[in-house]
Amino acid sequence: MLVHLPSIDLSSRTLRFLTGQLTARRQEIGTRWRRLPAARQALLALAHLRCGDTYAQLAAGFAIGIATVFRYIREAVDLLAVLAPSLAEAMETIRAKAYVILDGTLLPTDRIAADTPYYSGKHKRHGMNVQVLTDPFGRLLRVSPALPGSTHDLTAARQHGIIEALAAAGLKCWADKVYQGVGGPVRVPFRGRRLKRWKRRHNTTHAKIRCIGEQAMATLKGWRLLRKLRCSTNRITDIVKAVLVLHHVSA
């Protein structure tokens with residue numbers, strides 16, 4: 001078999017950070033021997049998260065078993081997930097911003113084609129809904145836990161407590177028309193075809209501000225595993241949290 005490991009477009013700082021976390025974990029549980037050293041395990045996990053390499057590809061590339069690949073990746077994801085900021089911690093960071101941009105996206109998955117709750121009528125495919133908060137420069141601040149793809153963006157934002165947290169912090173938020181009617185700190189464009197001129201100008205300005213949030217979406221989907229998830233839906237929230245932590249480390 002010919003094996004080729006693709007390059008990973010992340011900084012060496014990211015690899016050192018994850019290696020440090022894994023080394024500390026091994027010392028904590030008293031690990032004596034592993035098939036791979038901590039640095040190689042970190043590289044394996046990054047290849048999976050960033051490049052979307054499958055367990056079979058990684059097993060061949062690192063000369064270990066598929067079950068070992070599964071355990072190594074799960075351990076790395078679990079370690080990273082607990083470091084992800086909570087909503088309250090994210091709000092402390094957001095307070096220093098002039099405003100934030102809220103948007104939802106679907107993380108496609110191929111494991112649940114028969115399950116209606118995971119089908120998004122908006123995107124015409126199965127997946128998981130996550131809510132993304134972005135700063136005025138398009139930098140990714142927080143990604144919510146994942147909900148079934150059929151969940152409406154407004155429902156998801158309310159369920160996660162994002163709207164209440166923004167209101168309590170007195171923060172301004174720009175969002176698209178699917179959040180219509182939420183009120184409070186969330187500003188949405190006017191709906192309708194025959195709008196007055198001042199409303200059309202408002203919508204144009206609103207769109208220019210909100211489009212910056214698309215940079216964060218592109219950043220998130222830059223982690224190619226999130227373009228088509230093949231794992232259990234119960235694991236997707238931890239994977240998203242792990243990606244967010246690594247993104248902040250590499251930024």
Side-chain angles (χ1 to χ4, degrees), residues 3 5-86 105-113 115 118 126-130 140 142-149 219-250:
V3 177
L5 289 178
S7 61
I8 305 174
D9 55 339
L10 293 171
S11 66
S12 58
R13 181 172 63 252
T14 310
L15 179 62
R16 290 195 300 270
F17 172 81
L18 183 52
T19 300
Q21 295 296 318
L22 291 169
T23 300
R25 174 61 179 170
R26 294 184 181 195
Q27 293 173 349
E28 179 185 350
I29 63 179
T31 298
R32 293 185 177 181
W33 180 84
R34 293 279 187 101
R35 290 294 304 273
L36 295 180
R40 292 285 288 171
Q41 182 183 353
L43 185 63
L44 181 147
L46 292 176
H48 179 65
L49 294 172
R50 185 67 177 181
C51 303
D53 291 351
T54 65
Y55 293 162
Q57 290 171 329
L58 293 170
F62 286 84
I64 57 177
I66 291 178
T68 304
V69 171
F70 173 81
R71 291 195 303 271
Y72 279 1
I73 290 175
R74 188 182 184 96
E75 181 181 42
V77 168
D78 288 345
L79 284 173
L80 292 168
V82 298
L83 301 177
S86 65
T105 190
L106 187 83
L107 303 180
T109 178
D110 67 348
R111 292 289 299 275
I112 42 181
D115 296 336
Y118 297 93
H126 292 79
M128 300 293 282
N129 177 297
V130 293
L140 190 62
R142 187 176 187 272
V143 182
S144 74
L147 292 175
T219 297
L220 192 63
K221 297 298 177 68
W223 296 81
R224 287 180 281 280
L225 179 66
L226 300 183
R227 297 178 187 177
K228 190 172 185 180
L229 289 154
R230 300 176 178 86
C231 62
S232 166
T233 56
N234 296 326
R235 295 290 301 163
I236 293 177
T237 292
D238 282 344
I239 290 174
V240 170
K241 288 181 177 180
V243 165
L244 179 64
V245 171
L246 291 173
H247 166 69
H248 286 164
V249 170
S250 63

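- Partner Q41 forms a side chain to side chain donor-acceptor pair (under 3.5 Å) with one of R26, R35, R71 and no other, that one being R26.
- You'll find the side chain of L226 reaches within 4.5 Å of the side chain of I239, heavy atoms only.
- Scanning all heavy atoms of the two residues, the minimum distance from A146 to T237 falls at N-OG1, 3.0 Å.
- A side-chain donor-acceptor contact under 3.5 Å links R13 to the backbone of V249.
- Here the CG-CZ distance, from L220 to R227, works out to 10.5 Å after rounding to the nearest 0.5 Å.
- In this structure R34 satisfies the salt bridge (charged side-chain N to carboxylate O under 4.0 Å, His left out) test together with E75, sequence neighbours excluded.
- Atoms CG and NE2, on L229 and H126 in that order, are 14.5 Å from each other to the nearest 0.5 Å.
- Across all non-hydrogen atoms, the minimal contact from H248 to L140 is NE2-O, 3.0 Å.
- Considering only heavy atoms from C-beta on, Q21 comes within 4.5 Å of L83 through its side chain.
- The shortest non-hydrogen separation linking Y72 to L36 is OH-N, 3.4 Å.
- Across all their heavy atoms, L15 and A42 have their closest contact at CD1-CB, 3.7 Å.
- A search for side chain to side chain donor-acceptor pair (under 3.5 Å) contacts involving T31 returns nothing, not counting sequence neighbours.
- Annotation: side chain to side chain donor-acceptor pair (under 3.5 Å) contacts of S250 (sequence neighbours excluded): none.
- Side-chain contact check for H48 versus Y55: some heavy-atom pair is nearer than 4.5 Å.
- Taking CG of L49 as the start and CD1 of I73 as the end, the distance is 7.0 Å to the nearest 0.5 Å.
- Contact annotation: the side chain of L246 never approaches that of L10 to less than 4.5 Å [non-hydrogen atoms, C-beta and beyond].
- A heavy-atom distance below 4.5 Å is found between the side chains of T105 and K221.
- Of all non-hydrogen atoms in L18 and A45, the two that sit nearest each other are CD2-CB, 4.0 Å.
- Closest of all the heavy-atom pairs between N129 and L106 is N-CD1, 4.3 Å.
- For the pair T109/Y118, no side-chain contact is recorded, criterion being any heavy-atom separation below 4.5 Å from C-beta on.
- For the pair V130/I236, no side-chain contact is recorded, criterion being any heavy-atom separation below 4.5 Å from C-beta on.
- One finds the CG atom of L79 at 12.0 Å from the CZ atom of R74 (value rounded to the nearest 0.5 Å).
- Qualifying salt bridge (charged side-chain N to carboxylate O under 4.0 Å, His left out) partners for R25, counting only residues two or more places apart in sequence or in other chains: E28.
- A salt bridge is absent between D78 and K241; no separation between the charged side-chain nitrogens and carboxylate oxygens falls under 4.0 Å.
- When side chains are defined from C-beta on, I8 counts as touching L43, because their heavy atoms get closer than 4.5 Å.
- Scored by the side chain to side chain donor-acceptor pair (under 3.5 Å) test, R224 finds no partners at all (sequence neighbours excluded).
- A search for side chain to side chain donor-acceptor pair (under 3.5 Å) contacts involving T219 returns nothing, not counting sequence neighbours.
- Summarising the geometry, atom CG belonging to D9 is positioned 10.5 Å from atom CG belonging to L46; distances are rounded to the nearest 0.5 Å.
- We find the CG-CG distance between L107 and L147 to be 11.0 Å, quoted to the nearest 0.5 Å.
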